[in-house]
Amino acid sequence: PKETRWQPYVLRLYEGFWWWEGIIPGIIGIQQRFKARPNDVFIISFPKSGTTWLKALTFSTMNRHKYSFTNHPLLRLSPHDCIRFLELIYCQGEESYAESLTSPRLLCCHTPYSCLPDSMTTSECRIVYICRDPKDVLVSAWYMDKNYIPDAPLSFNQAFEVFCDGRSGAGPIWDHVLQYWNESLRRPDKILFLNYEEMISEPHQNLRKLAEFIRCPFSEEEEKTGVIEQIIELCSFNKLKELDVNKKGEGFSNIENELFFRKGVVGDWKNNMTLEMAERLDEITREKLHGSGLTFSSR
Ligand code: A3P
């Protein structure tokens, strides 16, 4: 099938991935018209993999000399207002916004690697990709849909089947992740491949890696004075979740900001699926990633 309808939204197959119908013009806009600059930084992910967190961390790392931690834009703006989604910029006819940003620009998208324009794949721009255990991605996406769309059309069991079939929004997840993983092996200077679970367990190490990769490494002085800790604290789940803007504000596509801050933990799948379901999804993931060198472990 080229189209899957379950009220209230329609997913359409576009170049091998299932997209919310309204997003496709945005992906086409990026493919056909977006011109990356050599010093751009892009945050890219499969939805619900930790994009919001990575936006906050990258924004505060890149702009750490510009803002103080006590009067920081992230205290009054959602991470999604600080770094916007390119697909939405194109859907909303705001291409001039992307062009008007001063370099180095910081932008975000969910577009698969195979759909990126040449300027993004061949220029010196940097891509930071975050992946997450598919079981937790599915759970996170299901709650998002349930809360965003009050008459959510799918039960968890139905959503599980659709996800396993690769026909959920932006799916199949394995193809999305593998495209970026393979490219990160080929060009590690170009794509930094991060993992939500490892960022939770080793935040300092991962933040150092991120800062070096986006060409603004922490100095010895910054290491000594605790700048890394301050960034981690500012961007922590508990800190961001409790801010007024993230509790009450409405973000892109009329999605309330609070929906981006649910639990922020590893392994919430355990509370939402049976062991049999988890084993089945793990088996599909193992098969799909076989031979790639990439594994997930959120036991
Ligand atoms: P859960 O639904 O499992 O809690 P995305 O930003 O890609 O939409 O992903 C959302 C997921 O990231 C949600 O997962 C959300 O709670 C979690 N998240 C948001 N901010 C976070 C933070 N600062 N630290 C850790 N996880 C965070």
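For ligands, and for the atoms within them, numbers begin at 1 and follow the listed sequence. Keep in mind that this is a model prediction, so the values were computed, not measured.
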For ligand 1, the portion of [X] having any non-hydrogen atom under 4.0 Å away:
| X | result |
| --- | --- |
| E258 | neither |
| F260 | both |
| S45 | neither |
| S236 | backbone |

Check your understanding: For atom NZ of K239, is the number of surrounding heavy atoms from other residues, nucleotides or ligands below 6.0 Å larger than 12?
Key -> no
Review point. With a cut-off of 6.0 Å (strictly less than), are more than 12 heavy atoms of other residues, nucleotides or ligands near NE2 of H65?
Key: yes
Exercise for review: Taking only Lys NZ, Arg NE, NH1 and NH2, and the carboxylate oxygens of Asp or Glu, determine whether K247 and E258 approach each other closer than 4.0 Å.
Suggested key: no
Point to revise | Pair R208 + E223: basic N to acidic O under 4.0 Å | key: yes
Review point. Any luck finding a side-chain donor-acceptor pair between S45 and H110 under 3.5 Å?
Key: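 Judged by distance alone, the side chains do pair up.
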Which atoms of ligand 1 sit under 4.0 Å from any heavy atom of [X]?
| X | result |
| --- | --- |
| K48 | 5 (P), 7 (O), 8 (O), 9 (O), 10 (C) |
| Y196 | 17 (C), 25 (C), 26 (N), 27 (C) |
| K263 | 4 (O), 16 (O) |
| F261 | 16 (O), 19 (C), 20 (N) |

Backbone N/O of [Y] and side chain of [X]: donor-acceptor pair under 3.5 Å:
| X | Y | answer |
| --- | --- | --- |
| N257 | V245 | yes |
| E87 | T111 | yes |
| N206 | E198 | yes |

Starting from [atom], locate the nearest protein heavy atom and write down its residue, its atom name and how far away it is, to 0.1 Å.
| atom | answer |
| --- | --- |
| atom 7 (O) of ligand 1 | T51 OG1, 2.5 Å |
| atom 22 (C) of ligand 1 | W53 CG, 3.4 Å |
| atom 6 (O) of ligand 1 | T52 OG1, 2.4 Å |
| atom 12 (O) of ligand 1 | G50 CA, 4.0 Å |
| atom 14 (O) of ligand 1 | R132 NH1, 3.1 Å |
| atom 16 (O) of ligand 1 | R262 N, 3.0 Å |

Exercise for review: Please confirm whether R33 makes a cation-pi placement over Y90, using NZ or CZ under 6.0 Å from the six-membered ring centre and within 45° of the ring normal.
Suggested key: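 No, cation not above the ring by the 6.0 Å, 45° rule.
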Would you check the N or O atoms of [X], main chain and side chain alike, for any that come under 3.5 Å of an N or O of ligand 1?
| X | result |
| --- | --- |
| G264 | yes |
| V265 | no |
| C235 | yes |
| S140 | yes |

Review point. What's the verdict on salt bridge (Lys or Arg N to Asp or Glu O under 4.0 Å) for E283 and R286, showing C-alpha distance, side-chain angles and the deciding distance?
Key: CA-CA 5 Å; E283 184 52 32; R286 262 194 303 276; 2.8 Å; yes
Review point. Between Y129 and Y180, what is the ring plane arrangement, given parallel below 30°, perpendicular above 60°, and tilted in between?
Key: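 Taking Y180 first and then Y129, their aromatic rings lie parallel (interplane angle under 30°).
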